[in-house]
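Below is one structure, written out as C-alpha cells, with a few remarks after it.
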Amino acid sequence: MASLPSVVVGNTLKLESEFRKHTSTSLPFEKRNFTTTHLDKTLEPVCLDFREALSVIKDGPNFESSVYAMSIGLQVHSLSIKLGYESNLRVTNSIMYLYLKCGWISDAKKLFDGMEKISLITWNAMIAGHAQMMDIAEDSLSAHRSGVEALNIFLRLNRSNMKPDIFTFSSILTVCSSLVALEHGEQVHTQTIKTGFLSDVVVGTALVNMYSKCGSIKRASKAFVEMSTRTMISWTSMITAFSQHGRSQQALQLFEDMRLVGVRPNQITFVGVLSACSHAGLVDEALNYFEMMKKEYKIKPVMDHFACLIDMFVRLGKLDEAFEFVKKMDFEPNEVIWSLLIAGCRSHGNLELGFYAAEQLLSLSPKDSETYVMLLNMYLSAGRWKDVSRVRKMMRDEKLGKLKDWSWISIRDRVHSFKPDDRSCPPCGEVDILLGDLLEKARPLGYESQGSLEVTDEKDEETTFSSIHHSEKLAVAFGLLNTPNASPIRVMKSISMCRDCHNFFKFISVLTAREIIIRDSKRLHKFVNGHCSCGDFGSLL
DNA sequence: TTAGGGTTAG
C-alpha cells in the first residue's frame, strides 16, 4: 500500500482553520459568509494529507455544514483517484464515512460496490453510517429504512468471511434500539457473549441502551450491573433509561451513586436527572439539581434543561410558573418550549396562554408538520376559524402534506410495516377482526372512541373520523396475532400517537394481559395493566 | 503508525 503524502503542498491546517471558521459560528446557516468558491480557493493549492482533511470535514458540527463540506469532500475524492489512492483502504473508508455522514447514501453504496477489496472497517463504515443516517433523516420513514438497511448489511457481514468486532457490535446495537428491534438485539447480545466483546465498555453501554429503548428496563439494568467497567456515558444511559421508564427514584438514586464513585456527570446526564424529577413532579429536587449543575459542575444550562423544568411545571398545571421560567431563559424559546406550553394549556384549559404561545410558535416559522397539526387541532377545538385557515395557508405555503403515519413491528427476523390507508399489508382480515373484537370488549370497560382530527393533503380540509385504522393499532393487532401469549408487543411509530390510540392501548393491555411498548416520534409509551409509563402526559396529537 | 463504535427532553 502506498504511503500517504505527508508533505503538504499548500497547507492542510489552512483548510482546517478555514473550515472551522465557517462552521463553528453560531450564525444561522443562511447568514454565514461561506461560499463554495471560497473553499475551492482554499483547497486548490492543497495536495492533501487525506486523513487529516477528511477528519476535519467529517467533524463538521452540524448537518448543514457537513453538506457544505461535501463540496470539499467530492474534490478530495476525485483528487484521491487522480493521485492513485483509489485502492487505498484508509482513504476510501474515510470517504465512505464522509458520504454516509452527509447523507449521500447512494454515493456511499456506489463506492462500496465498486471497491476491489474491502476490510471490516468498510463494513463498519456502512453500518455506522446507516445508523447515523437514522438521526439525520428527514422523517421517520427514511430513518426506518436506513435502520433496516443497516441490519441487512450486518447480516451480509455475518455471512461473509469476516467477523464483526466491537465497533460493529456497538453500532448495530444502536440500530436495534432505534428500530425497537428486540429480537435482533438479543441475537447480537448472544454474539457479543460468544465473541467476548461484551466486556468492551462501549458495547456494554450500547446493550444497556438497546434493552431500555426496546422497553425492557429489567434487562437494561441487568446489563448495566454486569458491566465490569463503566464510563460516564454508561451511567448516563442507565439514568436516562430509568427516567424514560418512569422510574424517577431509581434514576436519582443512580445519579447519587455515580457521584459517590466519583464519576463526573455531563450536560446529558443532567437532562436525564431533570427529566426524572419532571416525571415525578419533584420540583424542589429539580431546582436543586439545576443549581448543582451550574454551581458544582459549572455546566451551562441549555434549552434541553429548561425544557425539562418547563415540562415539569406544565405537568403540574403550574402554567404561570412555567411561563416565568421561559422568561428567565437567556435565549429565545424554541419550537419545543412553545409546544410544551401549548400542550399544557390545552390539557389544563388555559386557552389564552395557549393562544399566546401559539403566536410565538408561529412566528418561529416552524417546519414540522406535527407542530402545525397540533396548532390546527387547538384552533379547531376552540372554534377559531380564522386561525384555522391561517394555519392551513401556512401549511400550504410550506408545502406540508398529510402526516405520514407508519408503524413497524419487528418479529423474529422480519420487520413488518403498516400504514393506515394501505389495506393490502399483512393479513388484514384477521387484524380487522381482532381490532373489532377488542373494541367491543373495551367499551363495557369504559373505553369511548374519541375520533381524531386529521389533515388531508389534497382537499385541504380536516375530517373527523375513527382512528381505528391508525397504523400502530394495526401493528399491535398484528403483533398480538403473531407472538406467543403473554409476550410483550413492541412497535415503532413515525409520528406522535393520538389521544384515542393512547387511551385504547391502556384497555388492550388489560384485555390481553400484555405489555405494549410503543415508541412514537416523541417518546416511549409502555402500557402495563391499564397504565402508561408516560403518566398520560406528553404530546399526543 | 491505522479509517471506525456507546448517552439528550417533548
Side-chain angles (χ1 to χ4, degrees), chain A residues 1 3-4 6 50-52 54-55 58 88-98 100-101 118-129 131-132 135 164-175 177 192 197 200-210 212-213 220 223-224 227 230-241 243-244 265-279 301-312 314-315 334-344 368 370-371 374 496 520-525 534 537-540:
Chain A
M1 189 186 290
S3 63
L4 292 162
S6 55
F50 295 109
R51 279 179 300 132
E52 195 174 337
L54 285 168
S55 74
K58 280 186 303 183
N88 182 314
L89 271 175
R90 272 183 254 173
V91 172
T92 326
N93 285 336
S94 292
I95 293 170
M96 277 256 313
Y97 266 98
L98 171 67
L100 290 161
K101 279 198 177 173
I118 55 173
S119 63
L120 180 58
I121 294 174
T122 322
W123 286 105
N124 288 349
M126 286 293 279
I127 293 168
Q132 273 160 26
D135 296 333
D165 66 359
I166 49 172
F167 295 92
T168 330
F169 285 131
S170 40
S171 292
I172 203 66
L173 282 169
T174 306
V175 171
S177 347
T192 62
F197 288 140
D200 179 75
V201 67
V202 179
V203 173
T205 305
L207 190 70
V208 169
N209 199 38
M210 186 278 289
S212 163
K213 292 272 163 64
F224 179 77
M227 289 175 80
R230 298 174 192 94
T231 62
M232 178 268 288
I233 298 182
S234 324
W235 288 93
T236 301
S237 293
M238 197 61 231
I239 290 167
T240 306
S243 170
Q244 284 170 339
N266 76 350
Q267 218 179 51
I268 297 173
T269 320
F270 275 103
V271 173
V273 170
L274 293 176
S275 79
C277 296
S278 158
H279 287 292
V302 294
M303 199 78 81
D304 294 347
H305 301 122
F306 282 101
C308 292
L309 294 175
I310 289 161
D311 181 38
M312 175 177 70
V314 165
R315 279 165 184 259
N334 64 3
E335 200 179 331
V336 173
I337 302 276
W338 293 124
S339 300
L340 278 172
L341 288 166
I342 293 167
D368 181 40
E370 283 198 40
T371 304
M374 179 191 73
S496 298
D520 70 8
S521 62
K522 299 284 193 292
R523 60 168 302 134
L524 179 94
H525 299 270
C534 79
F537 203 91
S539 48
L540 300 170

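In what follows, chains are A, B, ... by sequence order, proteins preceding strands, each numbered from 1.
- Distance CG (A/L120) to P (B/dT2): 16 Å, rounded to an integer number of Å.
- Side-chain contact check for A/S234 and A/T231: at least one donor-acceptor pair (N or O, by modelled atom type) lies under 3.5 Å.
- Partners of A/T122 under the side-chain contact (heavy atoms from CB on, under 4.5 Å) rule, at least two apart in sequence or in another chain, are A/L89, A/N93, A/M96, A/F112, A/M115, A/I118, A/S119.
- Distance, A/I121 CD1 to B/dG5 C1': 11 Å, rounded to whole Å.
- Under 3.5 Å, the side chain of A/S171 and the base of B/dG5 form no donor-acceptor pair of N or O atoms.
- Under the 30°/60° scheme for interplanar angles, the aromatic rings of A/F197 and A/F169 are found to be tilted.
- A/F167 qualifies as a stacking partner of the B/dG4 base, centre to centre under 5.5 Å and near-parallel within 30°.
- Across the protein-nucleic acid pair, A/H305 atom NE2 and B/dA9 atom P stand 11 Å apart, rounded to whole Å.
- Here the CG-CZ distance, from A/L120 to A/F167, works out to 9.5 Å after rounding to the nearest 0.5 Å.
- Between A/H305 and A/V271, some side-chain heavy-atom pair lies under the 4.5 Å cut-off.
- Residue A/E335 contributes atom CD, which lies 11 Å from atom C1' of B/dG10 at whole-angstrom precision.
- Distances from the side chain of A/A128 to the nucleotides B/dG10, B/dG5, B/dT8 place B/dG5 closest.
- Comparing B/dG4, B/dA3, B/dG6 against the side chain of A/T205 picks out B/dG6 as the nearest.
- Listed here is the closest heavy atom pair of A/L524 and A/C534: O-CB, 4.4 Å.
- A/V201 comes within 4.0 angstrom of a base, heavy atoms only.
- Of the residues in residues 231-241 of chain A, those placing a heavy atom less than 4.0 Å from an atom of DNA chain B are A/T231, A/I233, A/S234, A/T236, A/S237, A/T240, in numerical order.
- Here the CD1 atom belonging to A/I166 is positioned 9.5 Å from the CG atom belonging to A/N124, to the nearest 0.5 angstrom.
- Protein atom CG of A/L274 is 11 Å distant from nucleotide atom P of B/dG10, rounded to whole Å.
- Judged by distance alone with a 3.5 Å cut-off, a donor-acceptor contact links the side chain of A/S170 to the base of B/dG5.
- For A/K213, the side-chain atoms get nearest to B/dT8 when compared with the rest of B/dA3, B/dT8, B/dT7.
- The ring pair (Phe, Tyr, Trp, His ring centres under 6.0 Å) check on A/F306 picks up A/F290, A/F331, with sequence neighbours excluded.
- Contact check, A/Q132 against B/dG5: a side-chain N or O comes under 4.0 Å of OP1 or OP2.
- Rounded to an integer number of Å, the gap from CE of A/M210 to C1' of B/dG5 is 16 Å.
- Close to B/dT8, at under 4.0 Å from its OP1 or OP2, lies no side-chain N or O of A/K522.
- Residue A/R315 has a polar side-chain atom (N or O) positioned under 4.0 Å from OP1 or OP2 of B/dG10.
- The side chain of A/V336 sits closest to B/dA9 out of B/dA9, B/dT8, B/dG6.
- Base contact: A/N124 has a heavy atom under 4.0 Å from a base atom.
- Set against B/dG10, B/dG5, B/dG4, the side chain of A/L340 has B/dG10 as its closest nucleotide.
- Within the nucleic acid shown, A/Q244 comes within 4.0 Å of sugar-phosphate atoms alone, with no base atom in reach, counting heavy atoms only.
- Using a 4.0 Å heavy-atom distance criterion, A/I166 is classed as a base contact.
- A/A125 comes within contact range of no nucleotide atom at all, as no heavy-atom separation falls under 4.0 Å.
- Residue-level contact check: A/V203 touches the bases, meaning some heavy atom is under 4.0 Å from a base atom.
- The CG-P distance, from A/D135 to B/dA9, rounds to 12 Å in whole Å.
- For A/N209, a side-chain nitrogen or oxygen approaches OP1 or OP2 of B/dT7 to under 4.0 Å.
- No hydrogens or angles were tested; on distance alone, nothing pairs the side chain of A/D200 with the base of B/dG6 as donor and acceptor under 3.5 Å.
- Rounded to whole Å, atom C1' of B/dA3 lies 15 Å from atom CE of A/M126.
- For A/H279 and B/dA9, the shortest distance from a side-chain N or O to OP1 or OP2 is not below 4.0 Å.
- For the residue pair A/N209/A/S212, the side-chain donor-acceptor check at 3.5 Å is not satisfied.
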